[in-house]
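First comes the structure, then the notes that go with it.
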Amino acid sequence: MTKQEARELHESELRFAAYLDEIVGGLGDARRIEPARAYCTALLLPGERKSVEPMAARMAPEQVQAKHQSMHHVVAKAPWDDAAMLAAVRGQVIPALERHGPISYWIVDDSGMPKQGKHSVGVARQYCGNLGKRDNCQVAVSLSVANDQASLPIAYRLYLPQDWAADSQRRQAAGVPESIAFATKPAIALGQIRQALADRVPVGIVLGDAGYGVETDFRVSLRGLGLSYALGVKSSTGVWAAGTTPLPPLPYSGRGRQPTRLRRDEEHKPVSTLQLAMSLPASAWRRVSWREGSRGDLASRFAALRVRPAHGDTQRSEPWPEEWLLIEWPRGEAEPTRYWLSNLGPTTGLAKLVRTAKARWLIERDYEELKQEIGLDHYEGRGWRGFHHHASLCIAAYGFLVAERCLFPPRRQFIRERIKTPALPRGFRPRGAADPT
């Protein structure tokens, strides 16, 4: 190791120590500080498993049992506040993110963690994104802040299926707080968003997949909070194309209550996003690149048009406001593959819509690293408290990595601006090259 490398390593270690001082300072009991520091450190060390026992062995090979007991207590038993720790992480990492521009996005998502057995809190047979199918797993909902450089989860909560929420015996065994009732994933995400607004987190455009975008109440709530969004929807989502709206209420007959609800019939009804997409002329589709990938620019064909959502409008007296419908139809595919609804302004350009909708990939990178490198899904305990404490400490450890990366310029800037290819001398000809003709 060179002197420069040794100095950089030493400086990084000092930054990590200072970072941990801020993160663990609010644990409430001085005896929790050292085990929490050890836990975060162990999460960042190499190792195939990041459950408590192997981490204790790596941290204190001569005192494994004692280290295991202290680390297990701080994650599974100690009653510290997860929200306070995540707020401390946020306070340390968001300024580092903002070195590369303001917060642009709030990304909502849920992630599944496969589990054996049925006793771990919240485990049930449900859709698991990791596996791409229904299986035995736990699912947690998160909210992340992001710009085009990096992202950070700032809220994380286990989704408790209805049968779990209604089972007092299993709730008591797993230590589920009495205040936790059944809530859908969009409802959990909306609660996280409201808390982030209350905490004055820098606001971004809300992004999410179709699991959130198809919920009309979720979109309406975001609009009511004054937030912009670009949310995935399905090919079956009903919309009114430009120039069409629901039928007005029936004329008043003079008897009873005056009709106020919008109508539709067999001749006058909304279309699905797929039907609308397939009806567009070839001129509606444009090739748009949204970011640089490892093998060049990522690009596809897109169309964007103004529509009105149709869900539930027959229970209303006025149509829903117009929104953007963004559609992706990659060349070579038989039909469009992705759809989004967005309430960004009517003058928003296609390139901006595409870049915004596609920015959700950042959370996929986060979860990949949190699980594969940090050990987010390695916790072996069964209780509510331990599940969330482990996740908070994983996010704390990951937050330091995010902050460290933000010390350096983005890849694009570093390659294209910092490393200039020198011009070849006039008349230069490589050795062995053929004589010019």
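A cation-pi arrangement is not found for R171 relative to W164, the charged atom failing to lie both closer than 6.0 Å to the ring centre and inside a 45° cone about the ring normal.
Atoms SG and CE, on C40 and M85 in that order, are 6.0 Å from each other to the nearest 0.5 Å. For the atom pair I363 CD1 and D109 CG, the distance stands at 6.0 Å (nearest 0.5 Å). With rounding to the nearest 0.5 angstrom, the CD atom of E373 is 10.5 Å from the CG atom of L44. To the nearest 0.5 angstrom, L280 atom CG is 5.5 Å from L305 atom CG. Within the model, atoms CG of L160 and CD of Q138 stand 10.5 Å from one another, a figure rounded to the nearest 0.5 Å. Between the CG atom in L197 and the CG atom in L227 there is a gap of 5.0 Å [rounded to 0.5 Å].
Residues S142 and V108 form no side-chain contact, since every pair of their non-hydrogen atoms from C-beta on lies 4.5 Å or further apart. Using a 4.5 Å cut-off on side-chain heavy atoms (C-beta onward), R385 and P79 make contact. With contacts defined as side-chain heavy-atom distances shorter than 4.5 Å, the pair S392/V89 does not qualify. The closest side-chain heavy-atom distance from L262 to T314 is not below 4.5 Å. W106 is not listed as a side-chain neighbour of I154, based on a closest heavy-atom distance of 4.5 Å or more. Put simply, the side chain of C394 reaches to within 4.5 Å of the side chain of L376, judged on heavy atoms.
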Between E380 and R49, is the salt bridge (charged side-chain N to carboxylate O under 4.0 Å, His left out) condition met? List the steps. CA-CA 11 Å; E380 296 175 351; R49 288 295 299 173; 3.3 Å; yes
Walk me through it: do L247 and R264 pass the test side chain to side chain contact (heavy atoms under 4.5 Å, CB included)? CA-CA 6 Å; L247 293 170; R264 61 180 72 165; 5.6 Å; no
After noting the C-alpha distance and the side-chain angles of W240 and T245, does the key distance pass the side chain to side chain contact (heavy atoms under 4.5 Å, CB included) rule? CA-CA 6 Å; W240 296 94; T245 59; 5.6 Å; no
Could you go step by step and tell me if E328 and R301 meet the side chain to side chain contact (heavy atoms under 4.5 Å, CB included) rule? CA-CA 6 Å; E328 180 181 2; R301 293 193 311 158; over 6 Å; no
Evaluation steps, side chain to side chain contact (heavy atoms under 4.5 Å, CB included), between Y39 and R32: CA-CA 11 Å; Y39 203 96; R32 300 170 187 163; over 6 Å; no
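Around CZ of R286, the count of heavy atoms belonging to other residues, nucleotides or ligands within 6.0 Å does not exceed 12. Annotation for R338: atom CZ does not count as buried by contact number, only 12 or fewer foreign heavy atoms lying within 6.0 Å.
Partner H390 forms a ring pair (Phe, Tyr, Trp, His ring centres under 6.0 Å) with one of W384, Y379, Y156 and no other, that one being Y379.
G399 approaches L152 most closely through the heavy-atom pair CA-CD1, 3.8 Å. Across all their heavy atoms, H388 and L158 have their closest contact at NE2-N, 3.1 Å. The two residues L190 and F218 make their nearest non-hydrogen contact at N-CE1, 4.1 Å. Looking at every heavy atom in both residues, G213 comes nearest to L231 through CA-CB, 3.6 Å. S144 approaches D366 most closely through the heavy-atom pair OG-OD2, 4.4 Å. The shortest non-hydrogen separation linking P336 to I327 is CB-CG2, 3.6 Å.
A distance-only check finds a donor-acceptor pair linking the side chain of N147 to the backbone of G101 [under 3.5 Å]. A donor-acceptor pair under 3.5 Å is absent between the side-chain atoms of K352 and the main chain of L344, judged by distance alone. With H378 contributing its side chain and K50 its backbone, the two residues share a donor-acceptor pair below 3.5 Å. R308 contributes a side-chain N or O that, together with a main-chain N or O of W320, makes up a donor-acceptor pair within less than 3.5 Å.
Using a 30° and 60° split on the angle between ring planes, Y159 and F182 fall in the perpendicular class, above 60°. Using a 30° and 60° split on the angle between ring planes, F400 and F16 fall in the tilted class, from 30° to 60°.
A side-chain N or O of E323 and one of Y229 form a donor-acceptor pair less than 3.5 Å apart. Under the 3.5 Å distance criterion, with hydrogens and angles disregarded, no donor-acceptor pair is assigned to the side chains of N343 and W324. Remark: the Y105 side chain and the T356 side chain contain no N/O donor-acceptor pair separated by less than 3.5 Å.
Under the side-chain hydrogen bond (donor to acceptor under 3.5 Å, both in side chains) criterion, Y19 pairs with no residue at all, not counting sequence neighbours. Taking Q275 as the reference, S272 meet the side-chain hydrogen bond (donor to acceptor under 3.5 Å, both in side chains) condition, with sequence neighbours excluded. For the side-chain contact (heavy atoms from CB on, under 4.5 Å) test, residues two or more places apart in sequence or in another chain that qualify with E22 are Q92. Under the side-chain contact (heavy atoms from CB on, under 4.5 Å) criterion, V402 pairs with V93, L97, A150, Y398, C406, not counting sequence neighbours. The side-chain hydrogen bond (donor to acceptor under 3.5 Å, both in side chains) search around R365 returns none, not counting sequence neighbours. Qualifying ring pair (Phe, Tyr, Trp, His ring centres under 6.0 Å) partners for Y339, counting only residues two or more places apart in sequence or in other chains: none. For D167, the salt bridge (charged side-chain N to carboxylate O under 4.0 Å, His left out) partners two or more places apart in sequence, or in a different chain, are R170. Applying the ring pair (Phe, Tyr, Trp, His ring centres under 6.0 Å) rule to W285 yields the partners W329; only residues at least two apart in sequence or on another chain are considered. Residues passing the side-chain contact (heavy atoms from CB on, under 4.5 Å) test with K133 are L131, D135, sequence neighbours excluded. For T273, the side-chain hydrogen bond (donor to acceptor under 3.5 Å, both in side chains) test picks out no residue, with sequence neighbours left out.
Looking at R261 and E318, no side-chain N of the basic residue comes within less than 4.0 Å of a carboxylate O on the acidic one, giving no salt bridge. With respect to the salt-bridge test (charged N to carboxylate O, under 4.0 angstrom), the residues R360 and E364 qualify. Using a 4.0 Å cut-off between charged nitrogen and carboxylate oxygen, R58 and E53 do not count as a salt-bridge pair. E404 and R99 are not joined by a salt bridge, as no carboxylate oxygen comes within less than 4.0 angstrom of a charged side-chain nitrogen. Salt bridge D82/R157: absent, no basic N to carboxylate O contact under 4.0 Å.
Within the structure, side chain to side chain donor-acceptor pair (under 3.5 Å) pairs that include any residue of residues 111-127 comprise S111-K371 (at least two apart or interchain). Counting only residues at least two apart or on different chains, the side chain to side chain donor-acceptor pair (under 3.5 Å) pairs with a member in residues 172-198 are Q195-D199.
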